[in-house]
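Notes for the one structure printed next.
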Amino acid sequence: MADPLSCTAADLLPLLGGGPNATAAAAFICSRFDAVSAKLSDATYAIDNTYLLFSAYLVFAMQLGFAMLCAGSVRAKNTMNIMLTNVLDAAAGGLSYYLFGYAFAFGGPSNGFIGKHFFGLKEFPSPSADYSFFLYQWAFAIAAAGITSGSIAERTQFVAYLIYSSFLTGFVYPIVSHWFWSGDGWAGAAKANGSLLFGSGVIDFAGSGVVHMVGGIAGLWGAFIEGPRIGRFDRSGRSVALRGHSASLVVLGTFLLWFGWYGFNPGSFLTILKSYGTRGAYYGQWSAVGRTAVTTTLAGSTAALTTLFGKRFLVGHWNVIDVCNGLLGGFAAITSGCAVVEPWAAIVCGFVAAWVLIGFNKLAVTLKYDDPLEAAQLHGGCGAWGVLFTGLFAKKAYVNEAYPGRPDRPYGLFMGGGGKLLAAQLIEILVIIGWVTATMLPLFWVLHKLKLLRISNEDEMAGMDMTRHGGMAYLYHDEDEHSNLPQFKMNKIEPKGTPPSEHYSQTQPDRV
Amino acid sequence: MASPGCSAEQLAPFFGPNTTNATAAADYICRQFSAVSDKFVDTSYAVDSTYLLFSAYLVFAMQLGFAMLCAGSVRAKNTMNIMLTNVLDAAAGGIFYYLFGFAFAFGAPSNGFIGRHFFGLKEIPSSLYDYSFFLYQWAFAIAAAGITSGSIAERTQFVAYLIYSSFLTGFVYPIVSHWFWSSDGWASASNTGNLLFGSGVIDFAGSGVVHMVGGIAGLYGALIEGPRIGRFDHAGRAVALRGHSASLVVLGTFLLWFGWYGFNPGSFFKILSPYSSGNYYGQWSAVGRTAVTTTLAGCTAALTTLFVKRLLSGHWNVTDVCNGLLSGFAAITAGCSVVEPWAAVICGFVAALVLIGCNKLADMVKYDDPLEAAQLHGGCGAWGVIFTALFAREKYVNEVYPGKPGRPYGLFMGGGWGLLAAHIIQILVIIGWVSMTMGPLFYVLHKLKLLRISPDDELAGMDLTRHGGFAYAYEDDSRLHGSPNGRIEVGTINTPS
Amino acid sequence: MASPGCSAEQLAPFFGPNTTNATAAADYICRQFSAVSDKFVDTSYAVDSTYLLFSAYLVFAMQLGFAMLCAGSVRAKNTMNIMLTNVLDAAAGGIFYYLFGFAFAFGAPSNGFIGRHFFGLKEIPSSLYDYSFFLYQWAFAIAAAGITSGSIAERTQFVAYLIYSSFLTGFVYPIVSHWFWSSDGWASASNTGNLLFGSGVIDFAGSGVVHMVGGIAGLYGALIEGPRIGRFDHAGRAVALRGHSASLVVLGTFLLWFGWYGFNPGSFFKILSPYSSGNYYGQWSAVGRTAVTTTLAGCTAALTTLFVKRLLSGHWNVTDVCNGLLSGFAAITAGCSVVEPWAAVICGFVAALVLIGCNKLADMVKYDDPLEAAQLHGGCGAWGVIFTALFAREKYVNEVYPGKPGRPYGLFMGGGWGLLAAHIIQILVIIGWVSMTMGPLFYVLHKLKLLRISPDDELAGMDLTRHGGFAYAYEDDSRLHGSPNGRIEVGTINTPS
C-alpha cells in the first residue's frame, strides 16, 4: 500500500524537535500509523477478495446457464449428451486449468507468449495472485469451452468432445489469455514493462475476443468439418429449422447467463477498493464497476429489443428464442469494452450486435453452415464486433482509469483518440482467428480423419441419448405395467390433433 | 465520514512554543490522519457498492424467478408468449428506466411529485447516486412490470403487453417510487422537510410501491379483458386451468425467494453504517435482521397455506404453498427492516389468510388471474403496508430513518396513529394513481381491439399463432409419423425419403 | 481489534516538559487513533456480515438445487410430492430453527451437549452472534433435512415427512452441530477448554455434521420402509426406476455446486481476519483456497465417475456423473479449509469410488434409495471425515483453529493419530446418535402406519392421490377431445357443451 500513509520517525523527529523524548514520541506515533496502515491493507484484501470470489461464483453460474441453454436448444433425444458435455467442461476444465492451464496463462514472470509458473498452483498464493484469482480465471476458461460445445452439438462423438475440450481449456485458451491479459503478454493493454502494441495494447476488458471469439471460432471449425446435422438442409438445399425441445430451458439458461454476466464483466476489474483520486471522493473503482454493470445491461437490452422488432419484421412472429440469442449477442459484444465506454455507447453496441447476429445467421444459412446454438455467429461474430466497437468508442478518461500509468495512450477513434487502438484491436481479431485456426482446425481435422469426430447416421437418427448415454432424458409417463420398450418413454406433445393414444389415456385419473 | 478529524490548528498549540516546529509537527500528524480518513471513505464506498451491486444482482435473479413461475403456471400452449414478456420486461425496462424512468423517480433536486434530473444517467455518478443505485432501482422497476404480466397472461396481445409494460416501468412506477422513496417525495419517510402526519410512509422495500402497483395494474388489465375461455363454466363455477409444469413453478418460487434476499435487505443500500461507532450492533446487524424477518414471514405463510388448504380442499398442494410463500414475502416487504422477528411470523400468518380470502373473492366475482398476481401482490401488499403501521418498533424506525426523534411508530407498539394514517393514505393514493393511469390505458387498448386476442387464437394457444411454434418438442417428429427420416417442423415442409 | 491502541499515558511522557501541554497533545492524538480504531471495528463488521450474508444466500440456493435434483430424480407421478417436501423443509425448518433449533445448537454459555439460550432469537444480536449467523446456520439445517427427503422419496406419507423433518431440523441436527461446532461442544475443535484427544474434531463445513446426519437419517427411513414397488424384480435383480427429467437433475446439480461455494468457503464466517497484519496472506486467501479445494474435489470425482461408470456399464451417463460430482463435494466439506489443493484431488477420486462401492452394496442388500442420498451423503461424508484426519496440513489447521499450537493434524502429513482418533469417534457418535433418535422415530411411524403409503397410491403416484394432480400438463386437453369448450381437468368434471 504505497499511499500517503508513510509516517517515518525520521521525518517526524525534527519537527518535534528538542523534547527529551522526541525520538520516542516520533517512533510511538509512527508505529501507531504503521498499525493503521497494516489494518487498512487487511481490509483492502478482504474486500477485494470478497468481491472477486462472489464475482467468480456468478461467472460459474454461467456454466449452469450454458447447460440449460444448450439442453433446451437441442432436440430431446440429445439432451443427456449435451448436458454431460457441459458438466464435463466444468469438471475437466477444473483439473486441466489447475494442472497447467493457469500456468500457461498467468505464470509470470515469463515471456510474452506463454506463462511458465504456478503449475498445479505451486508457490501459491503470491503477492500478485491469490486463489480467488485462479477461481475466477477457471470460470472464464470453462466458459470458452462451453461456447464451442454448442456449435458441434447433436452430432459429435463424446470422445471427440473430451479431447477438444481439454485441449481448448488447457492450452489454446490460456495462451490467448496470456497474450492479452497477463502483465507479460505481448499485446495486453496492461502490460507491465516495455512498449505497448502500437503504444496502446489491446483493450479486451472481459474478453469479447479472448473468450467469445476463441470459443466461437473453435466451434466454427468443428461444425464446419463435421457438416450439418441430418435433415438440417433438405434436398433442394433449403434450410429446415430443427427446433430445440424446450423453450423454457432456453429462457432459463439465458437469464442465468445474464445473471452470471454481472460477474463476468464488472468482476473483471478484479478489485473494487481503489480510488481514482479525481472528481471527488465518491468516484472510484466502485463506481466504474457499477457503470460496467449498467453498460452490460443496456447493451443486452438494446440487442434484445432490436432483435425482437427486426425478427418480427423479417419473419413475422415474436420469437422468444431469437430474442434470447439477440440478448446474448449484445452481451458478447459489450464484453470487450464494457469498462471503458459510456452507457449511451453501449446502446449503439447492442443495436449493431443484433444486426451482426442476424446477418451472420443469414450468411450461415446461405453457406449451409449448421450451428445448433448459433454459437459461432453469436460469440464469434458479435465478439469480433465488440472488439472493434471498443476501438471506436473507448473514452479517454475511462481508459486511463482502467489501465492507469500510461497517460496519453490512444483511445476510441470516434472519441478523438486516434486510430491506434483500433489498429491494435484489428490485430487482436486477426491473431485470434489465426491462432485458433492453427490449433483447433488441425485437431478437428485429425479427429475427423480418425473417424472420432462425427457419430454414425444411425446414432444421429436415434439420438445419442439412447445409443450412448443409457436412455432418454425425459420420462414423463410411468411405465410400470408396460414393457421397457424405449418408444413409450416420452409424452406426445406436438399439437397435431393426434388421437389420444393408449399411453396418453393412462395418465388420466380413473374417475374421469 | 469526517470523524477522525484532526486539525493542525487545534493540535499545534498543545505542542507549544518550545517544540521546535509545533505547526509542522501538528501538520504532519494531521496529514497522516487525513490520509487515513480518505482511505476510510474509499473503503465505505467500496463495501457499500459491493453490497448494493450484489443485492441488485439478486433482485435481477427475481426476474428469472418470475419468468419460470409464469411459464409453469400457464398452459403449455402459451409458454413462449409469457416468457417473451418476461424477457422483454427486463430489456425494455432497462432502456426506458435508463432514458427517463430513473429521472422521474430519483432526479433530485425536484418537487414532491416527479423528479427531473439524470435523464439518460446524465450527471451520474454524483455524490448522491452511483451507477449501482441505478442498477438496483432498475431491477425493482422491472419486478413491478413482471407482476402485472402474470395477471393478464394467456389472453393478451403481445403489442398491448409492450405498450403497458413501457408505460408502467417508464412512468407509473417511477412516479410512485418518487413519492415514497425519494428524499424529495411528498410522502417519503426520509423527506428532509415536513413529514406526512409527522411520520411519512415507511414502505421500506416496497409492499406498496412495487407489489401493490404491479398487482393493481394487473387487476385492471384482467378485469377489462375478462376471464380466459373456459375459466368459468356455464353454471358459473370456477374451473381450474392448471399450469403445465409444477417443476417450473417451484423453480420460480425458490428463485424469487433467493432474489428476495436482495430485495429486502438490499434496500438499506449501505451496510457499512454504524449506529454507534465501534459497536457490534450497526446497520450490518439490521441487514441480517431484515433477512431473518423476510425468511420467517415467508415460512409462516407457507405453512399456514399448507394446513388451511389441506382443510379446505383436502390435498397437500405444492403450487398453493408456493403462492402462500410468496404472499408472506410480499407482505413483509414494507416492514421487513423495522419489525421484530416474532412480528414477521404474525405478518406471514395473516398474509396467507389474506391471499386465501382474496382468491375466494376472485372466484365469487369471476375474476380470472392466472397467477393470482392481483390477489397476491395487491392484497398481501396492502396487508403488508397496514402491518408495518401496526408493528413497527420505535428503536428500529429511528435507526433506519434517523434524524427525526419522536416520530410515530407502530400502533400496537405504542407509537400512536400517525404512521397508520400515513399508511392508509399510501394505500389509497396508490390505488388512485394506478387506477387513474393504468385503468384508462387498458380501456383504450381494449377499445382499439389491441388488448385481447381472438377466441381462435386463445384456443389454439398464442405460441402457435404468434410466436412461431410450440415451446416443447419432447417427441422426435419422425417417430410420430412412422418414418424414421421424415421430419416435420412447424412452418416448414420436408419430403420424407 | 485494539491494535492501533494508543494510550495517552504512554505518549504524554515522550513529549516531555518542553511541550506546553503534553497531556492534551497526547490525549488529542490518541483520541484520533481511537476513532480510527472504531472505524476499523465498523468496517470489519460490515465486511464480515456482507460476506456471511451472501454466503448464506448461496447456501439457501442449495435448497433450490435439492428441490430440482429430487424432482428430476423421481418419476413424474411423484414430482409434486417431492417438491412440496423440499419447500416445506425450508419453511418448517425456518420456524423450528428460529424457535428452538438455533438455541439447542449455539445457545451459549451452555454445557457440552446442548445449548440453552437464544430461544426465538431472544438476546440476539449479541457480541457473539448476529442475525446473519442465524440465517447461515438455518440454511445449513434445512440442507440436512433435504438430504433425508431424497432417501425416502416416492413412497412416504406426507404426514410422516412433516414429523421427521421438524424433528430432524429442530432437535437431532442442532444437537450434533452443538457438539462439533459450538465453542462449548464437547468434541469441537474450537472448544476453549480441553480438546478431545488434544485435537477436537475438524469438521469444517459439515461432512459429518450435515451430510452424515442427513444420510444416516435417510438410511433408517429407507430401510424401515423397504424398497419401492418394482425396484427389485421377482428374481431379486435391481431394476432402475429412472427419474423423469435429466434436465432437472443437471439443473439441481449445478445449483448445488453454485451453493456449495457458500457452504464451504462461507463456513469461515469472517473474511476480514489477517493471519499476520499487513500481509497479502490472510483469511481471504484461505477462503479462496477453500473454494479451490471444493472445486477440485468435485471435478475429480465427476471425471472418475465418468470413466469408471463407462467401464462398468458401457455408457456415458450424465446423472451418474452428477451424483459423482456431489459425492466429491460431500467428502471435501469436512476438510476443505485445511488441506492442500492436491489433496482435494485425492479426496474426490476416492469419494467417487466410495459412492460406486456403496451403490453396489445397496443393490446387494436390496436397499432402495431413489437419490442415493444415504450412499452419497452418508458414505462419502464419512470418507470425508476420515480424509481430513489423514491430510489436514499443520499450517492451515493452526490458522483456521488458532490459539492452540502443537495440536495434532493429518496422519499422512506427520501430525500423529490424535486427529484420526477424534474423527473416528465423530463418525461413531453421529451414527449412534442418529440411530438412537431417527431409527425409533421412523419405527414408531411405521408401526402407526403413518410411514408408507398404500401400494395403490404408490402405483398411481402420490401426485394424483394426495397432491391434487399431476405436475405436468403439456397437452391441452380440449384439443385432444375435439370439443372446444370441453375441458377435462384432473379432479374436476365438466360437461362439454
Side-chain angles (χ1 to χ4, degrees), chain B residues 3-4 6 11 14-16 18-19 29 33 36 40 43 47 50-51 54 58 75-77 230 233 239-240 242 244-247 250-251 254-255 258 261 271-272 274 277-278 280-282 284-285 287-289 291-292 295-296 299-300 302-303 315-318 321-322 325 341-342 459 461 472, chain C residues 18-21 24-25 28-29 32 35-36 38-39 41-43 45-47 49-50 53-54 57 60-61 63-64 67-68 71 79-80 83-84 87-88 91-92 94-95 98 120-121 125 127 130-132 134-135 158 248 466-469 471-474 476 478 484-485 487 489 492 494 497:
Chain B
S3 45
C6 181
L11 184 55
F14 297 146
F15 287 133
N18 290 338
T19 308
I29 292 172
F33 278 114
V36 170
F40 274 119
T43 305
V47 173
T50 305
Y51 175 70
F54 280 94
L58 288 185
R75 287 164 294 173
K77 62 182 180 180
D233 67 10
V239 177
R242 299 176 64 238
H244 78 284
S245 171
S247 301
V250 173
L251 173 62
F254 266 118
L255 284 169
F258 180 61
Y261 288 126
I271 191 164
L272 209 178
S277 196
Y280 68 86
Y281 182 72
W284 44 87
S285 187
V287 165
R289 190 182 64 236
V292 171
T295 307
L296 289 176
C299 291
T300 313
L303 288 176
H315 48 246
W316 312 97
N317 192 321
V318 67
V321 169
C322 286
L325 187 72
W342 59 260
L459 285 172
Y472 301 97
Chain C
N18 291 337
T19 307
T20 319
N21 196 339
Y28 186 88
I29 292 174
Q32 301 294 330
V36 169
D38 283 351
K39 282 265 164 211
V41 174
D42 298 346
T43 305
Y45 277 118
V47 173
S49 292
T50 305
L53 279 170
F54 280 94
Y57 305 159
F60 170 74
Q63 201 63 19
L64 170 55
M68 293 297 111
T79 311
M80 303 270 271
M83 289 192 302
L84 182 57
V87 175
L88 287 176
I95 302 298
Y98 162 69
L121 288 187
S127 59
D130 203 347
Y131 290 109
S132 46
F134 164 77
L135 201 78
F158 188 71
L248 290 180
R466 302 297 172 101
H467 299 284
Y472 300 98
Y474 282 109
D476 188 14
S478 60
N485 293 329
R487 200 166 298 269
E489 293 298 325
T492 65
N494 195 1
S497 61

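Note that these values count all heavy atoms, side chains included, but never hydrogens, waters or copies made by symmetry. Proteins come first, then strands; the chains are lettered A, B, ... in the order of their sequence lines, and each starts at number 1. None of the values given here were measured: they were computed from a predicted structure.
Contact annotation for C:Tyr57: both backbone and side-chain heavy atoms come within less than 4.5 Å of a heavy atom of chain B. Looking at C:Phe60, only its side chain comes within 4.5 Å of chain B, counting heavy atoms on both sides. With a 4.5 angstrom heavy-atom cutoff, C:Met80 touches chain B via backbone and side-chain atoms both. At a 4.5 Å heavy-atom cutoff, the contact between C:Ala92 and chain B is made by backbone and side-chain atoms alike. Contacts of B:Phe258 with chain C are made by both backbone and side-chain atoms, with heavy-atom separations under 4.5 Å. Contact annotation for B:Val321: only side-chain heavy atoms (C-beta onward) come within less than 4.5 Å of a heavy atom of chain C. In this structure, chain C has a heavy atom under 4.5 Å from the side chain of B:Thr295, while its backbone stays farther away.
Remark: the backbone N or O of C:Phe54 is not paired with any side-chain donor or acceptor of B:Tyr261 at under 3.5 angstrom. Distance alone, capped at 3.5 Å, places no donor-acceptor pair between the B:His315 side chain and the C:Arg466 backbone.
Considering all non-hydrogen atoms of both residues, C:Leu64 and B:Phe254 come closest at CD1-CB, 3.4 Å.
Most heavy-atom pairs under 4.5 Å with chain C, from the set B:Val287, B:Leu251, B:Thr43: that is B:Leu251. Ranked by non-hydrogen atom pairs under 4.5 Å with chain C, the options B:Gly282, B:Cys322, B:Pro274, B:Ala246 are led by B:Ala246. Annotation: maximal heavy-atom pairing with chain B below 4.5 Å, among C:Leu248, C:Ile29, C:Val47, occurs at C:Ile29. Interface summary for chain C: among B:Ala302, B:Gly288, B:Ser285, B:Ala291, the most heavy-atom pairs under 4.5 angstrom belong to B:Ser285.
Considering only residues two or more places apart in sequence or on other chains, C:Ser132 meets the side-chain contact (heavy atoms from CB on, under 4.5 Å) condition with C:Ser49, C:Leu52, C:Leu53, C:Asp130. Checked against side-chain contact (heavy atoms from CB on, under 4.5 Å), B:Tyr280 has the following partners two or more places apart in sequence or in another chain: C:Tyr45, C:Pro125, C:Ser127.
Once rounded to the nearest 0.5 Å, the distance linking OH of C:Tyr131 with OH of B:Tyr281 reads 6.5 Å. To the nearest 0.5 Å, atoms CZ (B:Arg242) and CZ (B:Arg75) are separated by 12.5 Å. Rounding to the nearest 0.5 angstrom, the gap separating the CE atom in C:Met83 from the OG atom in B:Ser247 is 4.0 Å.
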